A.B. asks: 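The following block contains the structure, expressed as structure tokens.
All values derive from a computational prediction rather than experimental measurement. Protein chains get the first letters and strands the later ones, always in sequence-line order, with residue 1 at the start of each.
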There are 2 protein chains.
Amino acid sequence: MAARGRPRAFDREQALTRAMEVFWAKGLEGASMTDLTEAMGIGSPSLYAAFGSKEALFREAVALYVSTDGSDIWAALTNADTAYGAVEGFLMETARLFSRPDKPSGCLVVLSALHATDGSEAVRAELIAKREENTGDLARRIAQGLASGEIAPGVDTGMLARFYVTVQQGMSIQARDGADRATLEKIARSALAAWGPLTTARQ
Amino acid sequence: MAARGRPRAFDREQALTRAMEVFWAKGLEGASMTDLTEAMGIGSPSLYAAFGSKEALFREAVALYVSTDGSDIWAALTNADTAYGAVEGFLMETARLFSRPDKPSGCLVVLSALHATDGSEAVRAELIAKREENTGDLARRIAQGLASGEIAPGVDTGMLARFYVTVQQGMSIQARDGADRATLEKIARSALAAWGPLTTARQ
DNA sequence: ATAATATTGTGTCGATCGGTATATAATTCT
DNA sequence: AGAATTATATACCGATCGACACAATATTAT
């Protein structure tokens, strides 16, 4: 059963991808409707008919980012054999993805709605929740390392996860400032140097 | 010789401080003229007469921040006896200043102009340069530790500085997300745990 | 064919953006 | 006292903001 009425003249998924890149590069408030419609190649009525509003479009853009680029970063948590390997893979994948020349640098979830302004409070809260969710995922993976004996008893796995997430968030800033992949990888290696001291004895 | 003409009815320094706090909390583009004039308690003609433009006001706000709050953070570099002490003081002061309940959380220099948009490109470049300048200051202090024998030969002091600056920039995000002083201090301690491995052997 | 449904392009809405013109008020210089 | 100078308050500028009305167009259902 095909859709009734005049068919959509643009590819919704492709237009959403373009919108995601605009939000990624300019942020939620920095991306104007003109920026979006020009990048998506459609008129504003088509945007509103297909996505509802600028804020709803942003939510879909975030969901797309999380399920694609974001997914690559956090996939390392399930692919590695050890907790250390999970953190290492997570940071190395971050270094790679934050410095691709064909995409905006840094992380959309971290950079696109940092400030508390008038109408964007709900969206900002959702992004904060997403960041906390990621921290929780990393903490659970690290806790497995504590259960398996890889990490010494008494180590605060939640704080350990928060530390590495903090480094990754700093890497978003560094990437925005122009840091290349090699530099980001060196930052990641520096953070990984703390793994031994942080996991062998109670802090 | 007193100033001719009608005297200014507001305290310029005090108004600038209010403007700094608005930019700090909302960012350069997120802070509207209405936000600024209301916080400063003046009309827009007074603002333009005293500061020239919104962008010029922002530059003065950044300069004020750097010479006050920012100065407290980087003073640790000259106050400490060792390179380690300098980094420790720098991060601990960061944890304290990023979490004061009476001020916006995180760092104005890091958070207030992250995205590359239309007219703010010049200001953004200046903030990036300021961040690099800070990284250079830290690198020079760490290099003294290498010269004094505190740090093993062959260690890349520039990368070491960049790593700790990255952690501090991540702490700006964490502070914005609601992390309290104790949490920020634990993050700082985690980063300091890497000092031994990073300074005792060539990386 | 005709009705019903849905998208598109054009034009524009009220609100807000950063920034000023103008007139009045308050001070110093002569 | 009067002229010159500077700041303030009110009102408003054109441009842009996110969002939408409307009519024309293109499709499916009957």
Side-chain angles (χ1 to χ4, degrees), chain A residues 1-16 18-20 22-23 25-62 112-113 115-124, chain B residues 1-16 18-20 22-23 25-61 112-113 115 117-124:
Chain A
M1 63 169 112
R4 292 200 306 198
R6 177 173 172 171
R8 183 174 287 139
F10 63 95
D11 185 319
R12 193 183 190 277
E13 194 74 9
Q14 188 171 321
L16 178 57
R18 298 290 166 275
M20 177 188 73
V22 173
F23 283 129
K26 301 195 168 192
L28 169 56
E29 308 214 65
S32 70
M33 285 299 300
T34 304
D35 292 332
L36 292 166
T37 53
E38 283 182 357
M40 300 165 84
I42 62 177
S44 55
S46 296
L47 189 156
Y48 280 89
F51 300 99
S53 69
K54 184 191 174 186
E55 183 173 317
L57 174 62
F58 178 76
R59 281 179 220 269
E60 282 206 51
V62 171
S112 59
H115 301 291
T117 51
D118 14 299
S120 66
E121 200 53 48
V123 170
R124 176 167 171 266
Chain B
M1 63 168 111
R4 293 200 306 198
R6 176 171 173 172
R8 183 176 287 139
F10 63 94
D11 185 319
R12 193 181 190 278
E13 195 74 9
Q14 188 171 321
L16 178 58
R18 299 287 165 276
M20 177 189 73
V22 173
F23 283 128
K26 300 193 168 192
L28 170 56
E29 307 214 66
S32 70
M33 285 299 301
T34 304
D35 291 332
L36 292 165
T37 54
E38 285 183 357
M40 299 165 83
I42 63 177
S44 54
S46 297
L47 189 155
Y48 280 89
F51 300 99
S53 69
K54 183 189 175 188
E55 184 173 317
L57 174 61
F58 178 76
R59 282 178 220 268
E60 282 207 51
S112 59
H115 300 290
T117 51
D118 13 302
S120 65
E121 199 55 47
V123 171
R124 177 167 171 266

A.B. asks: Any N/O pairs under 3.5 Å between the protein and nucleotides 24-27 of chain D? List them or say none.
C.D. replies:
| from | atom 1 | to | atom 2 | distance (Å) |
| --- | --- | --- | --- | --- |
| D/dT25 | O2 | A/R6 | NH1 | 3.2 |
| D/dA26 | N3 | A/R6 | N | 3.3 |
| D/dT27 | O2 | A/G5 | N | 3.4 |

A.B. asks: Can you check whether A/S46 has a side-chain N or O nearer than 4.0 Å to OP1 or OP2 of C/dT7?
C.D. replies: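 Answer no for this pair, as no side-chain N or O of A/S46 is under 4.0 Å from OP1 or OP2.
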A.B. asks: Can you name the closest pair of heavy atoms from B/A39 and B/V22 and give their distance?
C.D. replies: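 Taking every non-hydrogen atom into account, CB-CG2, 3.5 Å.
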A.B. asks: Figure out the CG/P separation between B/L47 and D/dT10, and round it to whole Å.
C.D. replies: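 From B/L47 CG to D/dT10 P: 17 Å.
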A.B. asks: Using whole Å, report how far CZ of B/F10 lies from C1' of D/dT6.
C.D. replies: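 Rounded to whole Å, this separation is 12 Å.
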A.B. asks: Take the protein atom CG of B/L57 and the nucleotide atom C1' of C/dG19, then report the distance between them rounded to whole Å.
C.D. replies: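 Answer to the nearest Å: 13 Å.
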A.B. asks: Just how far, in rounded Å, is P of C/dT16 from NZ of B/K26?
C.D. replies: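 About 13 Å, once rounded to whole Å.
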A.B. asks: Roughly, in whole Å, what's the span from CZ in B/R12 to P in D/dT6?
C.D. replies: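 Roughly 16 Å, once rounded to whole Å.
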A.B. asks: Output a table of nitrogen or oxygen pairs between the protein and nucleotides 15-19 of chain D separated by less than 3.5 Å.
C.D. replies:
| from | atom 1 | to | atom 2 | distance (Å) |
| --- | --- | --- | --- | --- |
| D/dG18 | OP1 | A/A31 | O | 3.4 |
| D/dG18 | OP1 | A/K54 | NZ | 2.7 |
| D/dG18 | OP2 | A/M33 | N | 2.6 |
| D/dA19 | OP2 | A/Y48 | OH | 2.5 |
| D/dA19 | OP2 | A/K54 | N | 3.0 |
| D/dA19 | O5' | A/Y48 | OH | 2.8 |

A.B. asks: Give me the atom names and distance for the closest heavy-atom approach of A/F51 to A/A56.
C.D. replies: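 That closest heavy-atom pairing would be O-CB, 3.1 Å.
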A.B. asks: side-chain hydrogen bond (donor to acceptor under 3.5 Å, both in side chains): which pairs involve residues 3-14 of chain B, sequence neighbours left out?
C.D. replies: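 Sorted result for residues 3-14 of chain B: B/R12-B/E60.
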A.B. asks: Could you tell me how far apart B/F58 (CZ) and C/dC17 (P) are, to the nearest whole angstrom?
C.D. replies: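 Roughly 18 Å, once rounded to whole Å.
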A.B. asks: Check whether any side-chain N or O of A/K54 sits under 3.5 Å from a backbone N or O of A/A31 as a donor-acceptor pair, and report yes or no.
C.D. replies: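 Yes.
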A.B. asks: How far apart are the closest heavy atoms of A/A116 and A/E121, and which atoms are they?
C.D. replies: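 Nearest heavy atoms, A/A116 then A/E121: CB-OE1, 3.4 Å.
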